[in-house]
Amino acid sequence: MKLKTLQGHLEDLKGFTKPKIQYEQYETPAHLAASALYTIQTQFESIENCTVLDAGCGPGIWGIGAALLGASIVTAVDIDDDVLQIFKENVEEMEITNIDAIQCDFLESNVCRWESYFDTVLMNPPFGTKNNTSIDMKFLRMGTLLSCDSVYSLHKSSTRRHIEKKIEDWGMKGSVIAEMKFLLPATYRFHKKNSMDIAVDLWRLHHPHS
């Protein structure tokens with residue numbers, strides 16, 4: 001599938017109807033998700049014929065994109081049952097049959113039953129507000145435990161040095177494979193500007209043997 005075709009499909013997906021600030025729900029722009037997924041597949045062959053986990057899936061742009069690029073099976077998890085209903089609508093609309101959606105807290109210990117189960121973990125974790133500090137690192141760490149190969153995750157570029165240190169502490173290998181702009185539209189009442197560009201890094205983390 002060509003990049004433009006993938007982006008077109010992702011642009012058709014429904015987004016959040018009532019985003020919840022406690023979960024830091026922001027939509028990933030279709031062009032950003034399409035570019036990231038396309039890079040992950042063409043450079044690292046981490047999607048086609050792979051078992052993929054979409055962690056904190058929201059309306060499903062990452063998991064659905066992975067299915068469209070030929071993932072063998074996609075598991076999508078989110079804490080918010082309301083958004084999973086939108087996710088399911090998107091999956092039905094796209095007529096995709098190899099995705100399971102599961103309502104659970106990705107950071108709960110029972111998720112570890114999937115330890116080393118997935119080839120590829122995809123995520124755009126919460127960036128971590130003052131009430132949710134370090135949640136991005138908790139997501140990333142859980143991703144490394146559940147993947148037997150690699151984790152692809154979006155983070156603010158300003159956290160790059162911090163992530164480099166964490167990766168070292170965890171005994172993982174990692175690098176920034178793309179630098180991108182995340183256009184954050186005004187989503188919540190406290191947002192003063194109509195939109196804001198945030199510099200983000202697409203990270204690839206993998207186990208030393210993979």
Side-chain angles (χ1 to χ4, degrees), residues 1-15 27-78 83-84 86-88 90-102 106 111 114-125 136 139-155 163 167 172-180 182 200-210:
M1 182 179 289
K2 290 184 176 172
L3 174 57
K4 209 164 188 176
T5 310
L6 177 63
Q7 183 175 325
H9 285 310
L10 300 184
E11 282 169 353
D12 289 340
L13 299 178
K14 293 188 186 98
E27 282 172 32
T28 309
H31 71 91
L32 188 151
S35 299
L37 289 163
Y38 201 72
T39 299
I40 291 165
Q41 173 53 31
T42 54
Q43 289 190 21
F44 302 100
E45 298 180 348
S46 292
I47 294 178
E48 192 175 0
N49 301 323
C50 295
T51 53
V52 174
L53 174 67
D54 180 356
C57 62
I61 200 164
W62 295 97
I64 289 169
L68 292 171
L69 285 176
S72 59
I73 191 158
V74 177
T75 302
V77 300
D78 203 284
V83 84
L84 284 178
I86 301 169
F87 178 95
K88 286 169 185 171
N90 281 331
V91 168
E92 282 169 24
E93 194 74 26
M94 289 286 181
E95 299 180 344
I96 294 168
T97 55
N98 61 337
I99 291 188
D100 285 324
I102 297 168
F106 181 62
V111 171
W114 290 327
E115 189 169 352
S116 301
Y117 178 78
F118 300 96
D119 297 317
T120 303
V121 176
L122 305 173
M123 63 172 82
N124 176 13
D136 53 339
F139 259 76
L140 194 56
R141 182 57 176 147
M142 184 62 88
T144 64
L145 298 175
L146 303 190
S147 163
C148 62
D149 188 79
S150 48
V151 179
Y152 297 88
S153 187
L154 277 183
H155 297 269
I163 292 174
I167 291 169
M172 301 286 292
K173 297 284 185 190
S175 60
V176 174
I177 60 170
E179 296 176 28
M180 311 172 103
F182 195 129
V200 293
D201 292 338
L202 177 61
W203 279 88
R204 177 179 186 257
L205 272 64
H206 59 99
H207 299 276
H209 60 268
S210 60

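No hydrogens, no waters, no symmetry mates; every other heavy atom, side chains included, goes into these values.
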Trp114 vs Leu145, test: side chain to side chain contact (heavy atoms under 4.5 Å, CB included). Steps then yes/no. CA-CA 8 Å; Trp114 290 327; Leu145 298 175; over 6 Å; no

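- Closest non-hydrogen pair, Asn98 versus Ala67, comes out as OD1-CB, 3.8 Å.
- When atom types are taken as modelled, the side chain of Asp54 and the backbone of Gly63 share a donor-acceptor pair closer than 3.5 angstrom.
- Nearest heavy-atom pair across Ser46 and Gln41 is N-OE1, 3.7 Å.
- By the 4.5 Å heavy-atom criterion applied to side chains, Glu92 and Asn90 are not counted as neighbours.
- You'll find the side chain of Phe118 stays beyond 4.5 Å of the side chain of Cys148, heavy atoms only.
- More than 12 heavy atoms of other shown residues, nucleotides or ligands fall within 6.0 angstrom of atom CD in Glu48.
- Counting heavy atoms from C-beta on, the side chains of Ile163 and Leu140 come closer than 4.5 Å.
- Of all non-hydrogen atoms in Leu10 and Ile61, the two that sit nearest each other are CD2-O, 3.8 Å.
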Should Val200 and Glu179 be marked as a side chain to side chain contact (heavy atoms under 4.5 Å, CB included) after you check the CA-CA gap, both sets of side-chain angles, and the distance that decides it? CA-CA 6 Å; Val200 293; Glu179 296 176 28; over 6 Å; no

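- Between Val151 and Leu122 the shortest side-chain heavy-atom distance does not fall below 4.5 Å.
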Check the pair Cys57, Phe87 against side chain to side chain contact (heavy atoms under 4.5 Å, CB included), reporting the backbone distance first and the verdict last. CA-CA 8 Å; Cys57 62; Phe87 178 95; 3.9 Å; yes

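- Of all heavy-atom pairs between Asp100 and Ile73, the closest is OD2-CD1, 4.3 Å.
- Between the side chain of Thr42 and the main chain of Tyr38, a donor-acceptor pair closer than 3.5 Å is present.
- Asp149 is not listed as a side-chain neighbour of His206, based on a closest heavy-atom distance of 4.5 Å or more.
- Between Val111 and Val77, every side-chain heavy-atom pair lies at or beyond the 4.5 Å cut-off.
- Checking Trp62, Phe139, Trp203 one by one against Met123, the side chain to side chain contact (heavy atoms under 4.5 Å, CB included) holds for a single residue, Phe139.
- Once rounded to the nearest 0.5 Å, the distance linking CE of Met172 with OG1 of Thr144 reads 5.0 Å.
- Here the CG-CG distance, from Asn49 to Leu69, works out to 11.5 Å after rounding to the nearest 0.5 Å.
- Residues Ser35 and Met180 share a closest heavy-atom pair of CB-CE, 3.8 Å.
- From Cys50, atom SG reaches atom CD1 of Ile40 across 11.0 Å, with rounding to the nearest 0.5 Å.
- Atoms NE2 and OG, on His207 and Ser147 in that order, are 4.5 Å from each other to the nearest 0.5 Å.
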Derivation of the side chain to side chain contact (heavy atoms under 4.5 Å, CB included) call for Leu53 and Phe106: CA-CA 11 Å; Leu53 174 67; Phe106 181 62; 3.8 Å; yes

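- Between Leu146 and Tyr117 the shortest side-chain heavy-atom distance does not fall below 4.5 Å.
- Within the model, atoms CG of Leu84 and CD1 of Ile102 stand 9.5 Å from one another, a figure rounded to the nearest 0.5 Å.
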Determine, step by step, whether Thr51 and Asp119 satisfy the side chain to side chain donor-acceptor pair (under 3.5 Å) criterion, reporting the C-alpha distance in whole Å, the side-chain angles of both residues, the deciding distance to 0.1 Å, and the verdict. CA-CA 5 Å; Thr51 53; Asp119 297 317; 3.1 Å; yes

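- The CG atom of Leu6 sits 6.5 Å away from the CG atom of Leu68 when rounded to the nearest 0.5 Å.
- Side chains of Asn124 and Thr28: a donor on one and an acceptor on the other come within 3.5 Å.
- A side chain to side chain donor-acceptor pair (under 3.5 Å) with Gln7 is found for exactly one of Glu11, His9, Lys4, namely Glu11.
- Closest of all the heavy-atom pairs between Pro59 and Ile86 is CB-CG2, 4.2 Å.
- Counting only heavy atoms from C-beta outward, the side chains of Asp201 and Leu154 never approach each other to under 4.5 Å.
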